[in-house]
Amino acid sequence: MKRAEQIDGHKHMTPERYNARVTEPKWQRIWEEKEIFRTNGKDSRPEYYVLEMFPYPSGRIHMGHVRNYTMGDVIARYKRARGFNVLHPMGWDAFGMPAENAAWHNKSHPADWTYANIAAMRAQLKSMGLSIDWSREIATCDPGYYKHQQRMFLDFLKAGLVTRKKAKVNWDPVDHTVLANEQVIDGRGWRSGALVEQRELTQWFFKITDFAEDLLYALDDLPRWPEKVRLMQANWIGRSEGLALRFELVPSPQADAREIEVYTTRPDTLFGAKFLAVAADHPVALDAARKDPGLAAFISACRHGSTSAAEIETADKKGYDTGLRARHPFDPDWLLPVYAANFVLMDYGTGAIFGCPAHDQRDLDFANAYGLGNTPVVCPPGEDPFSFTITDKAYEGDGLVINSRFLDGMTTEAAKEEVARRLESRPLGNRPQARREINYRLRDWGISRQRYWGCPIPVIHCESCGVVPVPEKDLPVELPRDVSYDEPGNPLDRHPTWKNVACPACGAPARRETDTMDTFVDSSWYFARFTDPWNDKAPVTAACIEKWLPVDQYIGGVEHAILHLLYARFFTRAMQATGYMGDLKEPFAGLFTQGMVVHETYRSKSGEWLFPSDVRIEAGPGGRRAFHAGSGEEIEIGPIEKMSKSKRNTIDPDDIISSFGADTARWFVLSDSPPERDVIWTEEGVQGAAKFVQRLWRLVGELAGLAAPAGTPLPEDLPPEAMGIRRMVHMSLAKVEEDIERLRFNRAVAQVHDLANKLSAAIGGIETERVSQELRAVFREAADILVLMVAPMMPHLAEECWAHLGHKDLAAEAAWPAAGKELLIEETIALPVQVNGRKRGDVVVARDAGRAAIEEAALALEPVRRALGGKPVKKIIIVPHRIVNVVA
RNA sequence: GCGGACGUGGCGAAACAGGUAGACGCAAGGGACUUAAAAUCCCUCGACUUCGGUCAUACGGGUUCGACUCCCGUCGUCCGCACCA
């Protein structure tokens, strides 16, 4: 039987059944007509900006989107009910390669493909009943969006935040474009998965390293970010304090260089030095290679070997003795061999190191391979300094300095300071021999992409004037519509006319930049554009930035912990530096990284992946077995994995929404798993959620039959039974409130279940005709609270219930009910009683019962007496309102 | 290799300023209502038990009146970074 029939098929028998297929579109229409989610900038209530990471318009939403946008919507609706003026917008991260791939394969135009996808996905998101202000919708591929981005690029250029430089870049041979370091995962392109090659190209860079220090230290000002993400960013930025130290070279016919500068964080181990090593493409190595064919061959081999990052990982430490010798800074007669080595990176520090094998594992591996020996100069705490030796495991920790002349006996910290102090005040040539230096692992952000479907970089190359910015009056530099995808590479570059322009400075024929910007640029400021998407003159409006930013709660996947979130933090600073952001530095005050939606995989005997819809599950006491729905063949149930097209373990949100309704889908993705963890999608789970929708509808119907009319005030004095119900309802309300505030949606769901169970029990034995007025008033309140509690999570069902309960307004506009604080305090409490830490029973005492009364009641318990077995009581520990422990 | 997180019933999970371990849901089993099924409702559901209890939060220790929670060690799983000097 099809799902839709399952849901609707019983309608004729049980007309009171809740029908999401009719109800959900109805309320969506009413919300839209009344424009209740349109955010008014003039509203004087406190603002709250909740944002989910905007989607790439791939064509269809997936369950990950459903989970992400449901969480955001719960917060948005809850905050609205709490009296906030909520901004909850939606847009499209619309530039990118898939549109071009589609163009390549289907002969479609990237723009047509993208806008058709946007239309389809917008309809899907609307069917989820999200409380979004659609009037603010933006697409980054719209010239009305990217023209502002081009203007900011030029402002950044003017402010010195953009540079153009020749650099070794990561080249993706499949996508035919450059990737930033952040976009290379395990040596492969983040999108294509192809092994990345190194190429030397002239590229545009955003100078993110200018903000390295601030990006690092400001992480401490983000208490509402996950610790994990802050740590990942801190590691990525990778700050280290050390010494840039120059070694004098013994004059040699081998090379012209007179010195080599190294960078070290361990100047305290200087007396353990056994060699110097420079990167293969270090100037000194290149120089020496001119007279040494063997070295030239080694350098060439290093370049070759390093084309794939995967090889670097497994490569052995290899080196080549250049024949050069360096003098030890503290002993001119102590000569150190200078190697070119494959493990030294040219673009970190100075591209050269001194090797101390005893206290650095890499240096030790290298020294052992080339027979350079080692001298321990740091003695670990607890080791005997006279017998401490190193063989194949370096000691990298702190300790007491040994074998180091004037440093002997110092701590690691003191020795570092002493070496720095001596060398920075001692000249070598006309400069101090060393200076303290801070290095970062973070590299500048290369944004040039050799693609068509991206934001054009607004500059013109002129033979005589060089790089000339496009004048502001000529913005936007729009993409040409007519491009061909007959061959790989950049269609913009091949376009017959587009790139030919006159130089804005001298008027001579010139050429447009044909690279476009990395799409991560587009997503680095969209959150700011949402605050005033109508501003045609400028990217943002100062007053709106001031009013709405930072985003109060941002929600998305952890996969953006470094890329997008670091770029957005940089962009905010760059925008601040160019006068767009007021004094705002951090874009997202609160960040939540949600888990994925995962599903079982199914594989036939022949090894073919099967869609869940083609698989029939049979469950019994012996476990679950799977069969092919058509042939009946038994199917292997594979591991639970992230939903993916290749494994076919996907569930289409459209199918779920059209058969069960959006509320069921929303309720399910909020249930069971904590939101930061993966949630396992199961057919049983969805069925359970759908059943609960019906159950809640029935329960509210029953409550409506018992309840006083809407608006009936509660009587002053309530009998104990009625008070008990009130207390129970308000307790649940308080818990759900706290759970939503803390984004613990799975607990909020459990609390609603719990309250439904308790209310069902409470009305179970009641005869409708004989319900007292007091009880009717309490049921009225209980029903109202139950519905409003559920409203952020299942808004359509709540709306229908709200109307059924006789309300004339909308649940979506109703205020969050106030939990009565006095109701949360019980007059009598049940205290668990332990004997020697083991629970033996409970005593029910007055909340304010005295110590003596509690002790007496506890000792009177039969199980307590039995457990004591006549032994004398040593003491009785009473933790007020929590527990009693009798120690014997 | 470095950094981090986590390990609780058949399953997803609750409980953690140290205080009743397993809330809530799923699956399963039994029953009621039905010609029957679905739906619905009721009961059982960590293990063992002489029905008094005993043992259980990966494993081994420790601190404490009391430990899933804190400390030390071991094992395992997952994630991030990866020759960063």
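Naming convention: chains lettered A, B, ... in sequence-line order (proteins, then strands); numbering from 1 in each chain. None of the values given here were measured: they were computed from a predicted structure.
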Salt bridge flag under 4.0 Å for residues [X] and [Y]:
| X | Y | value |
| --- | --- | --- |
| A:Arg230 | A:Glu227 | yes |
| A:Arg625 | A:Glu618 | no |
| A:Lys758 | A:Asp754 | yes |
| A:Glu855 | A:Arg851 | yes |

In this structure, CE of A:Met643 is separated from CD of A:Glu600 (nearest 0.5 Å) by 11.0 Å

Check whether any side-chain nitrogen or oxygen of [X] sits under 4.0 Å from OP1 or OP2 of [N], and answer yes or no.
| X | N | result |
| --- | --- | --- |
| A:Arg838 | B:C55 | yes |
| A:Arg677 | B:A13 | yes |
| A:Asn439 | B:A85 | no |
| A:Tyr348 | B:A85 | yes |
| A:Asn757 | B:G25 | yes |
| A:Arg744 | B:A14 | no |

Heavy atoms from C-beta onward define the side chain here; which of [options] lies closest to that of [X]?
| X | options | result |
| --- | --- | --- |
| A:Glu684 | B:U54, B:C41, B:A27 | B:A27 |
| A:Arg441 | B:C84, B:C65, B:C41 | B:C84 |
| A:Lys228 | B:G12, B:U20, B:C79 | B:C79 |
| A:Arg362 | B:A82, B:A85, B:C65 | B:A85 |
| A:Pro832 | B:U20, B:C65, B:G52 | B:U20 |
| A:Pro674 | B:C65, B:A13, B:G52 | B:A13 |
| A:Ser673 | B:G53, B:A13, B:C84 | B:A13 |
| A:Ile562 | B:G25, B:G66, B:C81 | B:C81 |
| A:Arg698 | B:U40, B:G19, B:C84 | B:U40 |
| A:Lys839 | B:A21, B:C24, B:A85 | B:A21 |

When you compare [N] with [M], how far apart are their [atom1] atoms, in angstrom units rounded to a whole number?
| N | M | atom1 | value |
| --- | --- | --- | --- |
| B:C55 | B:G7 | P | 24 Å |
| B:A21 | B:A15 | P | 16 Å |
| B:C51 | B:G61 | C1' | 34 Å |
| B:G12 | B:G73 | P | 29 Å |
| B:C81 | B:C65 | P | 46 Å |
| B:C41 | B:G25 | P | 11 Å |
| B:U64 | B:C83 | C1' | 47 Å |

Mind calculating the distance between [atom1] ([X]) and [atom2] ([N]) to the nearest angstrom?
| X | N | atom1 | atom2 | value |
| --- | --- | --- | --- | --- |
| A:Arg246 | B:A85 | CZ | P | 22 Å |
| A:Gln687 | B:G25 | CD | C1' | 14 Å |
| A:Phe343 | B:A85 | CZ | C1' | 9 Å |
| A:Arg882 | B:A15 | CZ | P | 13 Å |
| A:Ile876 | B:G66 | CD1 | P | 16 Å |
| A:Glu396 | B:G3 | CD | P | 10 Å |
| A:His282 | B:A85 | NE2 | C1' | 13 Å |
| A:Glu683 | B:G12 | CD | C1' | 16 Å |

The glycosidic conformation of B:G60, counting syn as within 90° of 0 and anti otherwise, is anti

Does the structure show a Watson-Crick or G-U wobble partner for [N], both distances under 3.5 Å? Name it, or say none.
| N | answer |
| --- | --- |
| B:C75 | B:G7 |
| B:A38 | none |
| B:G52 | none |
| B:G19 | B:C65 |
| B:C81 | B:G1 |

If you count heavy atoms of other groups shown closer than 6.0 angstrom to CZ of A:Arg865, is the number above 12?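 Yes, because the 6.0 Å sphere around CZ of A:Arg865 holds more than 12 heavy atoms from other groups.
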
- Query: Is A:Arg616 atom CZ crowded by more than 12 heavy atoms from other residues, nucleotides or ligands, each under 6.0 Å away?
  - Reply: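 Correct, the count exceeds 12.
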
| Quick one: is the NZ or CZ of A:Arg17 closer than 6.0 Å to the six-membered ring centre of A:Trp697, and within 45° of its axis? | no

### Query
Toward the 5' end of RNA chain B, which comes first, A:Val749 or A:Ile680, by nearest nucleotide?
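The 5'-side residue here is A:Ile680.
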
- Query: Is any side-chain N or O of A:Lys874 under 3.5 Å from a base N or O of B:C65, one able to act as donor and the other as acceptor?
  - Reply: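 Check fails, no donor-acceptor contact within cut-off.
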
